[in-house]
Amino acid sequence: FVGIGLVTAQTQTITGVVISEEDGQPVIGASVLVKGTQLGTITGVDGDFTLSNVPSSAKTLQISFIGMQTQEVAVKPNLKVVMRGNAEALDEVVVIAYGTAKK
C-alpha cells in the first residue's frame with residue numbers, strides 16, 4: 001500500500017481552458033503537450049482539457065493551434081491559456097502555369 005501511495009504522489013492531474021485573445025471564444029482542437037514528453041491531449045468543444053498522470057517533474061505545457069502563436073505555460077493544476085493570432089501578411093504571390101492541350 002505504501003508503494004501505491006508513492007506512485008500516485010509522483011503524478012498530477014492538470015485541467016484548463018484555452019481561449020482566443022481576439023474574440024474570447026474557446027479554441028477547439030488545440031494541442032496541449034507536456035514539454036519533453038509524449039503526453040498530450042486536445043481541447044474539447046468548450047476549449048477545456050484534462051491531462052492525467054502528469055509527472056511531478058513536468059514544468060512546462062506547450063499549447064499550439066494552426067493560425068495562432070504557440071504558448072508555453074508553467075504547469076499548474078488549473079490553467080487559463082489565452083492564444084494570440086499569428087497572422088502574417090504576404091507581400092506578393094505570383095502564380096505561373098504552363099500547359100498543353102490536344103484535341
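Computed from a predicted model, the values in this text were never measured in an experiment.
Shortest non-hydrogen contact noted between Asn53 and Leu39 is O-CD2, 3.7 Å. Here the closest heavy-atom approach between residue Phe49 and residue Ile42 is recorded as CB-O, 4.4 Å. Between Gln69 and Met83, the shortest heavy-atom distance links the atoms O-CE, 3.4 Å. Contact detail for Leu33 and Gln38: the closest heavy-atom pair is CD1-C, 4.1 Å. Nearest heavy-atom pair, Ala30 versus Ile63, reported as atom, atom and distance to 0.1 Å: CB-CG2, 4.4 Å. Here the closest heavy-atom approach between residue Val75 and residue Thr60 is recorded as CG2-N, 3.5 Å.
Distance check: Ile14 CD1 to Lys76 NZ gives 11.5 Å after rounding to the nearest 0.5 Å. If you take OG1 on Thr15 and CG on Asp48, they are separated by 9.0 Å, rounding to the nearest 0.5 Å. In this structure, the separation between CD on Gln62 and OG on Ser31 is 8.0 Å, given to the nearest 0.5 Å. Put simply, CG on Asn78 and NZ on Lys80 are 12.5 Å apart, with the number rounded to the nearest 0.5 Å.
For the pair Thr41/Thr50, no side-chain contact is recorded, criterion being any heavy-atom separation below 4.5 Å from C-beta on. Counting heavy atoms from C-beta on, the side chains of Asp46 and Val17 never come closer than 4.5 Å. At a threshold of 4.5 Å between non-hydrogen side-chain atoms, the residues Leu51 and Thr13 do not count as touching.
Both Val73 and Phe65 are part of a single hydrophobic cluster, where members link through side-chain heavy atoms under 4.5 Å apart. Linking Ile, Leu, Val, Met, Phe, Trp and Tyr whenever their side-chain heavy atoms come within less than 4.5 Å leaves Ile19 and Val81 in two separate clusters.
Side chain of Thr43 to backbone of Val27: a donor-acceptor contact under 3.5 angstrom is found. Judged by distance alone, with hydrogens and angles left aside, the side-chain atoms of Ser56 form a donor-acceptor pair with the main-chain N or O of Gln10 at under 3.5 Å. Side-chain atoms of Asp23 come within 3.5 Å of backbone N or O of Gln25 as a donor-acceptor pair.
More than 12 heavy atoms of other shown residues, nucleotides or ligands fall within 6.0 angstrom of atom CD in Glu72.
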Dump the intermediate steps for side chain to side chain contact (heavy atoms under 4.5 Å, CB included) on Gln71 and Arg84, then the final yes or no.
CA-CA 9 Å; Gln71 301 285 333; Arg84 292 185 201 94; 3.4 Å; yes
